[in-house]
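Comments concern the structure below.
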Number of protein chains: 2
Amino acid sequence: MSSQGESKWVYTFGAGATEGRADMKNLLGGKGANLAEMANLGLPVPPGFTITTELCTHFYANGRAYPPELKTQVADAVARLEAAMDAKFGEPANPLLVSVRSGARASMPGMMDTVLNLGLNDATARGLALRSGDARFAYDSYRRFIQMYSNVVLDVDHHHFEDILDGHKRDKNYSLDTDLTAADWQSVIEDYKKAVERELGTPFPQDVQEQLWGAIGAVFGSWMNARAITYRRLHDIPASWGTAVNVQCMVFGNMGEDCATGVAFTRNPSTGENAFYGEYLVNAQGEDVVAGIRTPQHLTVAGKIANKSDLPAMEEVMPDVFNQLNEVRLKLELHYRDMQDIEFTVQQNKLFMLQTRNGKRTAPAALKIAVDLANEGVIDRNEAIKRIDPASLDQLLHPTLDPKADRKVIAKGLPASPGAASGKVVFTADEAEQMAGVGDAVILCRIETSPEDIHGMHAARGILTSRGGMTSHAAVVARGMGRACVSGAGDIRIDYKNKLMAVRGVTVKEGDIVTIDGSTGEVMLGEVPTIQPELSGDFATLMGWADGIRRMKIRTNAETPLDARTARKFGAEGIGLSRTEHMFFDPARILAVREMILAESEEGRRTALAKLEPFQKKDFVDLFTIMAGLPVTIRLLDPPLHEFLPNTEQDMDEVAKATGTDPLRVRHRTIQLHEANPMLGHRGCRLGITYPEIYEMQARAIFAAAAEVSKISGETVTPEVMIPLIMTKKEFDILKAVIDKAAAEVKAATGQSFEYLVGTMIELPRAALRAGDIAETAEFFSFGTNDLTQTTFGLSRDDAGAFLPEYQRQGILEHDPFQTLDATGVGELIDLAAQRGRAVRPDIKLGICGEHGGDPASISFCESIGLDYVSCSPYRVPIARLAAAQAALNSDTVKRD
Amino acid sequence: MSSQGESKWVYTFGAGATEGRADMKNLLGGKGANLAEMANLGLPVPPGFTITTELCTHFYANGRAYPPELKTQVADAVARLEAAMDAKFGEPANPLLVSVRSGARASMPGMMDTVLNLGLNDATARGLALRSGDARFAYDSYRRFIQMYSNVVLDVDHHHFEDILDGHKRDKNYSLDTDLTAADWQSVIEDYKKAVERELGTPFPQDVQEQLWGAIGAVFGSWMNARAITYRRLHDIPASWGTAVNVQCMVFGNMGEDCATGVAFTRNPSTGENAFYGEYLVNAQGEDVVAGIRTPQHLTVAGKIANKSDLPAMEEVMPDVFNQLNEVRLKLELHYRDMQDIEFTVQQNKLFMLQTRNGKRTAPAALKIAVDLANEGVIDRNEAIKRIDPASLDQLLHPTLDPKADRKVIAKGLPASPGAASGKVVFTADEAEQMAGVGDAVILCRIETSPEDIHGMHAARGILTSRGGMTSHAAVVARGMGRACVSGAGDIRIDYKNKLMAVRGVTVKEGDIVTIDGSTGEVMLGEVPTIQPELSGDFATLMGWADGIRRMKIRTNAETPLDARTARKFGAEGIGLSRTEHMFFDPARILAVREMILAESEEGRRTALAKLEPFQKKDFVDLFTIMAGLPVTIRLLDPPLHEFLPNTEQDMDEVAKATGTDPLRVRHRTIQLHEANPMLGHRGCRLGITYPEIYEMQARAIFAAAAEVSKISGETVTPEVMIPLIMTKKEFDILKAVIDKAAAEVKAATGQSFEYLVGTMIELPRAALRAGDIAETAEFFSFGTNDLTQTTFGLSRDDAGAFLPEYQRQGILEHDPFQTLDATGVGELIDLAAQRGRAVRPDIKLGICGEHGGDPASISFCESIGLDYVSCSPYRVPIARLAAAQAALNSDTVKRD
């Protein structure tokens with residue numbers, strides 16, 4: 001972007017001169033673009049202007065300096081507002097007041113700063129009082145401005161103002177803010193100004209231009225504050241995007257009983273139900289609703305009833321304005337073709353729209369809204385599929401409380417974010433992060449949450465607050481993160497100092513376990529059993545649409561019958577990775593495994609393996625039976641043998657006794673098997689090369705099981721035998737011969753014929769490079785992206801914890817490469833291997849079986865290079881199904897029947 | 001190769017009908033091709049025929065069966081010999097006798113089987129006795145045949161025959177074989193035949209066709225015997241090459257005093273001197289010379305004098321034949337343009353040539369011969385360069401005995417292979433291999449060696465035999481392998497059973513240390529100090545020629561002043577890798593290093609680093625001074641920090657005390673730093689990212705040293721600062737900024753300006769793939785092929801010992817990838833990185849600094865992809881200089897002035 005004199009930094013909206021549009025979000029930020037769009041739609045938007053995100057970028061690229069032409073452009077825009085409003089900025093008799101708000105490209109709720117009522121000073125406050133005829137309103141506005149401006153722009157801690165206000169209320173014996181008169185507020189204002197001067201050494205600024213530029217600077221400055229940086233990191237928002245600044249004429253919801261302010265969703269953001277849903281407060285400013293200081297009222301009578309509220313609905317109190325708002329709601333939804341999150345203010349019975357944006361919603365709500373919108377014809381099915389964040393399905397798949405389970409409900413709050421969670425109680429975000437870091441499930445309990453708590457909310461399984469509504473910070477953020485949340489459980493008294501909370505005689509201390517149900521708002525003592533979720537309704541509908549679109553198959557990584565059944569229920573189309581070693585740890589088998597490892601000779605190993613063989617066969621019989629003809633890929637033994645040996649001296653002695661081995665031999669063998677870098681050691685097919693009898697036993701068990709299940713079920717079982725950690729073709733060929741021999745033996749012994757494939761993991765860079773050779777004999781490749789990531793990056797997953805957080809903090813790695821496939825490094829190797837493999841064997845089966853198989857971005861990569869399937873853990877199968885459909889839509893590789 | 005009826009499997013030579021040529025070595029084997037070539041040159045070659053190597057391949061490809069047409073082709077060839085010799089195969093009155101010898105493409109001395117005197121049976125032996133008029137000769141020949149054939153073809157152990165012969169000699173009180181009369185031999189023959197029948201259950205074959213086909217089958221079979229397989233593995237000869245079989249009319253060196261047999265080199269194979277050099281035995285067959293049973297006589301008077309022999313020279317005994325042989329010598333050398341190793345037999349004063357081939361020689365001899373041949377105009381200088389195996393230079397570069405050192409000489413043998421070696425005495429090849437496997441230097445002591453000892457000779461530092469001459473098995477093989485060897489130290493009595501050797505009252509037990517000097521033949525007790533070799537004369541001449549040819553620069557890996565000086569002496573043109581961590585282990589510094597690691601804060605680390613900085617600066621001052629303006633690449637700290645911490649509890653307590661740290665803290669930190677896979681852990685630039693102060697200190701020390709040395713010496717010092725283990729460009733950029741800042745600070749502080757480069761190791765697959773990005777800011781790449789091999793193969797060098805030998809045994813890996821660069825895997829990544837780097841930065845400096853930098857095959861690869869330099873350990877610098885010249889010659893990338 002050029003920063004020459006000609007650059008346009010300021011875009012106006014409202015009052016018949018709107019320069020922006022909704023699709024200019026990158027330039028104007030979400031808020032600015034949507035304000036312009038609403039103005040274009042003819043909705044009542046207070047006029048204003050937006051300083052672009054490019055100015056933000058210029059600001060940081062030039063040592064926080066503005067381009068010289070900005071002053072004029074802002075002055076011109078302010079002049080336009082003065083003309084539109086017939087008022088003057090800083091003119092005591094008829095002052096123009098504005099709000100100054102941030103507005104980034106991606107929504108970052110509460111992350112950055114806002115200043116309302118700007119333009120007030122001693123003179124204009126007096127003028128406003130006279131002109132409005134409401135001195136109380138004018139001074140209330142002024143004291144709000146001082147408080148906000150001092151906090152946001154001048155960095156004076158807000159407790160100074162709270163202390164002063166509390167002191168005044170105590171002196172006057174007031175309980176509510178609304179009890180204060182205009183004179184009271186004037187007296188508070190004097191104390192506020194004194195406090196500012198005491199703290200800063202200079203008086204509170206009376207110059208409205210100084211106020212305006214101070215606020216603009218503060219908003220741009222807030223883009224780089226710590227919580228904004230954290231939020232961007234958590235939500236993958238690049239720092240380079242910048243924020244815009246919106247300067248807008250003030251409208252007042254706090255001018256009297258015919259005034260109000262509110263926030264609403266065009267559909268229910270929790271359930272997705274197509275019903276107007278929102279809250280408002282009479283005689284208040286916007287911040288009051290969000291802050292959760294006063295308990296908000298519902299917009300609709302239905303909402304009031306559903307939430308058992310005693311307070312009148314807006315529909316009852318201001319029916320005309322409500323109807324007007326409802327029309328705006330319908331208009332916006334049709335226009336944006338999605339559920340909207342809107343903010344409005346009613347000033348003396350006149351409605352003003354302050355914001356619209358696509359509303360955040362729970363996963364079930366997202367599903368319902370997408371399916372409903374498609375059924376209503378507002379969007380098509382492909383659009384509905386694209387609307388769902390696959391990762392959000394996770395929330396639908398996890399257990400909910402078993403309704404038949406005993407539960408000791410100690411309190412009830414609002415059902416702010418669905419899902420049930422149990423965990424140890426903690427009272428600070430730092431503790432939450434710390435304990436989660438060592439593997440504890442925690443429930444973060446706060447009086448209310450603020451942006452400073454983000455990291456703790458992220459670390460916690462669930463969030464419980466004693467204050468705040470359904471649109472409170474805690475509720476909004478928890479829904480976005482997919483954390484269970486119960487908000488506003490007002491009976492609970494939280495005592496940060498003593499690290500405990502008390503409710504009706506029950507005391508819960510830090511570390512005690514509680515369960516919260518974010519779908520009912522219940523808070524329970526102890527851990528409550530859970531049940532599996534239902535996967536019907538909108539979920540089934542949308543997944544059906546997705547299945548009709550996707551090209552790639554979805555398999556699962558499973559070795560237990562339970563996992564295999566769960567995965568089938570979630571729609572898995574086969575097993576992509578069955579890790580046979582997981583079966584070795586079974587207590588009934590580990591002894592024979594250890595006997596095998598401790599054996600001194602091939603003969604000794606064969607004796608021990610013979611004991612394992614019936615178990616292995618049974619494993620495969622179970623899997624083949626459950627998968628009923630679907631493909632099953634079985635990986636032969638992979639980990640280094642020492643993983644199966646005991647660690648402590650005592651355990652070693654026990655093993656020695658149980659296996660009838662000399663304890664010294666056990667110790668010696670353990671030492672012998674110790675490796676400097678076991679990840680790169682004697683494992684995978686290297687075990688097969690040195691101890692072929694192990695793979696021979698496993699292959700025999702696989703084929704015997706296949707023969708048996710084929711015979712019993714009549715279904716053709718075609719096992720896919722997978723050799724891990726191949727680095728050369730020769731290695732593969734030697735082991736394929738072992739497997740082929742076992743197959744021939746089983747065929748001869750059982751008289752049963754069966755088909756099978758022999759393939760390999762591609763999990764070493766060399767295997768990827770030599771994929772052409774290997775494909776001459778390998779019938780399938782499964783990309784083992786965990787190990788391929790470790791070797792390509794030279795990065796041990798077990799050890800990366802010491803520095804990977806620092807790498808992410810410094811932006812060296814955008815994503816954890818073990819979560820999201822590194823498309824430009826590891827991905828190039830996979831692409832190359834796929835190409836080389838196909839060049840030699842055009843019908844080679846290609847899949848992926850690392851953790852990345854359940855990650856939407858990685859699935860998208862797999863689609864882009866044309867893999868045949870992805871395989872992931874059972875609970876991620878639905879995510880993969882949806883992500884694969886989205887990937888197909890984005891690559892235009894959708895399945896054609 | 002086709003195996004149709006038309007295939008030609010048999011090629012004749014001699015007697016005016018030679019079908020082969022020297023350049024048909026692949027088809028006829030070395031021996032067969034050279035016999036044909038000698039016949040073509042008109043030299044006296046007994047007629048014969050060669051069965052091709054393709055037949056060998058066919059034999060193994062068809063379950064050890066021959067193509068049907070072979071019988072006829074062999075029968076035709078035998079008929080031709082019968083006609084030429086006017087004798088008949090199997091005809092009692094006038095028998096044709098033949099030798100059957102193997103002859104592979106590459107020389108494999110003593111590895112495969114040979115049968116002489118074939119065609120003898122009871123009847124033909126009688127006929128030969130009558131016809132030759134020498135019954136003793138006839139029966140001596142027959143008993144030799146039975147013994148050889150039974151051993152080679154029928155697999156009857158040779159001790160049966162030795163026992164019988166010894167028994168006869170005892171009975172008759174004979175001491176020498178020559179004492180036996182014709183009648184004695186007839187009696188021995190009867191016993192031999194009985195022994196064969198007893199061992200095999202069938203009589204010794206009398207049918208000469210059965211004998212012939214048995215011998216042919218045995219030679220082809222010997223291609224796959226264990227020692228041939230071992231030899232091929234050690235010498236990188238593919239099994240697919242196969243061997244040919246040569247069937248040749250016998251000529252007899254054992255027909256009386258006017259007969260002789262001998263082996264010779266056209267120049268001295270030990271020194272390279274241009275003098276006829278060889279040994280012969282009167283009245284003997286060829287095997288007698290090689291077996292070392294009788295002490296051979298010298299060919300020339302000069303040789304006799306030089307070796308202080310009492311026995312007459314051939315020059316004296318048979319001057320005419322000697323002159324004829326000397327003419328053959330000169331003719332062959334001019335024809336082959338290289339030193340030849342020849343075998344001859346004199347039958348009744350008539351000379352026959354049985355073999356010629358390029359002679360094996362010591363490294364100094366190879367140098368002298370190549371330089372002399374070039375100076376004589378026989379070959380050109382490029383050819384001379386190509387003639388030297390770069391790896392053989394190793395022998396010239398290692399220390400020889402310090403002449404001033406005390407030495408207790410206990411015996412003297414022949415100076416069979418030059419170089420001095422000390423080590424523990426072992427008496428079997430297996431023990432040699434075993435002890436060398438655990439890192440012991442060993443001297444293998446044998447009465448004489450046989451092909452079964454090859455693996456032990458390879459494992460040993462030196463070989464000592466009590467029997468055998470300069471052309472004995474031990475001597476020939478040791479020279480080929482570059483092992484020091486003293487042969488025929490007849491005073492030493494070796495007692496295998498009691499594992500000791502005794503000489504003149506001194507007893508040396510297994511495990512005692514001895515030193516041998518292969519250049520003088522001395523055997524000494526204990527370890528004798530050594531001195532550096534002289535690198536002048538032919539060495540300097542040839543290296544000068546090589547330097548004039550090569551394109552790539554040769555640098556060294558060095559961090560100590562000693563290494564740097566040694567490398568310069570060997571011709572290093574800079575330092576390619578200076579591992580700064582090696583400097584950290586110095587006792588004077590390790591405490592500060594540990595203090596740094598144990599520090600709880602950046603401040604603590606900075607305090608400790610400040611103590612290290614003067615040491616580091618001094619290190620670099622030394623290196624820059626020694627390298628005097630040549631480029632010096634310094635790698636910043638690379639290994640994981642725990643490598644610097646103590647391992648034992650006691651050491652930890654000492655460290656705690658010395659650093660004033662709580663011992664618990666030391667233990668805790670040690671545990672904290674423990675990693676599952678340190679090779680892939682918190683090391684390399686990951687340390688720089690998390691503790692930038694370390695790299696900052698190192699960079700400051702480098703630049704301060706550069707400034708100081710530049711100022712003092714007036715030479716421009718341009719340090720190349722190298723960041724290890726880079727995986728992304730961002731990582732590199734962050735650390736480059738740290739280095740640039742340090743440079744700016746040093747410039748400001750010293751007022752000295754200097755240039756420097758900042759580059760990176762490419763040692764992770766991802767870095768190779770992203771080389772294009774990285775080259776945007778990196779000014780050089782140095783390929784760290786050790787780690788790149790580890791990560792590309794997923795193979796820990798420290799742990800591979802558990803299975804790599806099995807991998808090599810099964811032929812999965814042809815070479816140890818840590819010794820010879822894997823061109824098709826790791827090499828592809830390097831090539832790709834080089835291309836991508838150059839595409840972005842055409843003048844990017846590219847080098848290699850892994851162990852592969854000193855390996856000729858790997859150097860050839862580096863030339864093929866156009867790297868700018870290789871860096872290797874100081875002692876390998878001359879090897880690299882020569883290998884780089886050869887690579888340039890082979891790639892036609894020679895330097896043009």
Side-chain angles (χ1 to χ4, degrees), chain A residues 640 672-684 686-687 689-690 725 727-734 763-770 773 787-804 806-807 810-814 817 822 824-829 832, chain B residues 640 672-684 686-687 689-690 725 727-734 763-770 773 787-804 806-807 810-814 817 822 824-829 832:
Chain A
Q672 197 184 30
L673 288 175
H674 173 80
E675 294 185 304
N677 296 289
M679 199 262 132
L680 308 176
H682 194 182
R683 52 166 288 226
R686 296 162 193 178
L687 293 171
I689 292 287
T690 47
L725 215 72
M727 59 187 180
T728 79
K729 173 179 188 288
K730 183 98 187 239
E731 214 176 15
F732 181 81
D733 290 348
I734 289 172
E763 53 188 333
L764 299 177
R766 194 179 194 281
L769 295 166
R770 305 310 305 165
D773 308 344
D787 280 357
L788 192 59
T789 299
Q790 295 199 86
T791 47
T792 304
F793 277 84
L795 192 60
S796 163
R797 193 173 185 172
D798 292 337
D799 304 312
F803 51 91
L804 218 50
E806 183 63 21
Y807 266 62
Q810 295 196 31
I812 298 171
L813 292 173
E814 274 196 52
D822 163 48
T824 58
V826 179
E828 181 177 2
L829 283 177
L832 188 142
Chain B
Q672 196 185 31
L673 287 175
H674 172 80
E675 293 186 302
N677 295 289
M679 198 263 131
L680 309 176
H682 194 182
R683 51 167 289 226
R686 295 162 193 175
L687 294 170
I689 292 288
T690 47
L725 215 72
M727 59 186 182
T728 79
K729 172 178 189 287
K730 183 98 186 241
E731 215 176 13
F732 181 83
D733 290 349
I734 289 171
E763 52 188 333
L764 299 177
R766 193 178 193 284
L769 294 166
R770 305 310 304 165
D773 307 345
D787 281 356
L788 192 59
T789 298
Q790 294 200 85
T791 48
T792 304
F793 278 84
L795 192 60
S796 163
R797 193 173 185 171
D798 292 337
D799 303 312
F803 51 92
L804 218 50
E806 184 62 22
Y807 266 62
Q810 295 196 31
I812 298 171
L813 293 173
E814 275 195 53
D822 163 49
T824 59
V826 179
E828 182 177 1
L829 284 177
L832 189 142

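Every chain is numbered from 1 and lettered A, B, ... according to where its sequence line falls, protein lines coming before strand lines.
- For chain A, the option among I689(B), L769(B), L680(B) with the highest count of heavy-atom pairs below 4.5 Å is L680(B).
- For L813(B), the part lying near chain A is the side chain, with the backbone staying farther off; criterion is any non-hydrogen pair under 4.5 Å.
- Here L795(A) is the residue among L795(A), D733(A), D798(A), T690(A) with the most heavy-atom pairs under 4.5 Å with chain B.
- For E828(B), the part lying under 4.5 angstrom from a heavy atom of chain A is the side chain only.
- For the atom pair R766(B) CZ and T792(A) OG1, the distance stands at 9.0 Å (nearest 0.5 Å).
- With contacts defined as side-chain heavy-atom distances shorter than 4.5 Å, the pair L725(B)/L764(B) qualifies.
- Of all heavy-atom pairs between S796(A) and N677(B), the closest is OG-ND2, 3.5 Å.
- Closest non-hydrogen pair, A768(B) versus L832(B), comes out as O-CD2, 3.8 Å.
- For D773(B), no part lies under 4.5 angstrom from a heavy atom of chain A.
- In this structure, chain B has a heavy atom under 4.5 Å from the side chain of T728(A), while its backbone stays farther away.
- Proximity to chain A is absent for every atom of Q672(B), based on heavy atoms less than 4.5 angstrom apart.
- Proximity to chain A is limited to the side chain of I734(B), based on heavy atoms less than 4.5 angstrom apart.
- When heavy atoms are compared at a cutoff of 4.5 Å, M679(B) approaches chain A by way of both its backbone and its side chain.
- Of the two parts of E731(B), the backbone and the side chain both hold a non-hydrogen atom closer than 4.5 Å to a non-hydrogen atom of chain A.
- A pairwise comparison of heavy atoms in P678(A) and A676(B) identifies CD-O, 3.3 Å as the closest pair.
- Contacts of R770(B) with chain A are made by side-chain atoms alone, with heavy-atom separations under 4.5 Å and no backbone atom involved.
- Y807(A) meets the ring-ring contact (aromatic ring centres under 6.0 Å, His included) test with F803(A); sequence neighbours excluded.
- By the 4.0 Å N-to-carboxylate-O rule, R686(A) lies too far from D799(B) to be salt-bridged with it.
- Residues E675(A) and P640(A) are in side-chain contact: their nearest non-hydrogen atoms beyond the backbone lie under 4.5 Å apart.
- For chain B, no part of D787(A) is nearby; none of its heavy atoms comes within less than 4.5 Å.
- With chain B as partner, the option from G794(A), G811(A), A802(A) having the largest number of non-hydrogen pairs under 4.5 angstrom is G794(A).
- Neither the backbone nor the side chain of A800(B) comes within contact range of chain A; no heavy atoms are under 4.5 Å apart.
- Remark: of the listed residues D822(A), L829(A), T824(A), D822(A) is the sole one forming a side-chain contact (heavy atoms from CB on, under 4.5 Å) with V826(A).
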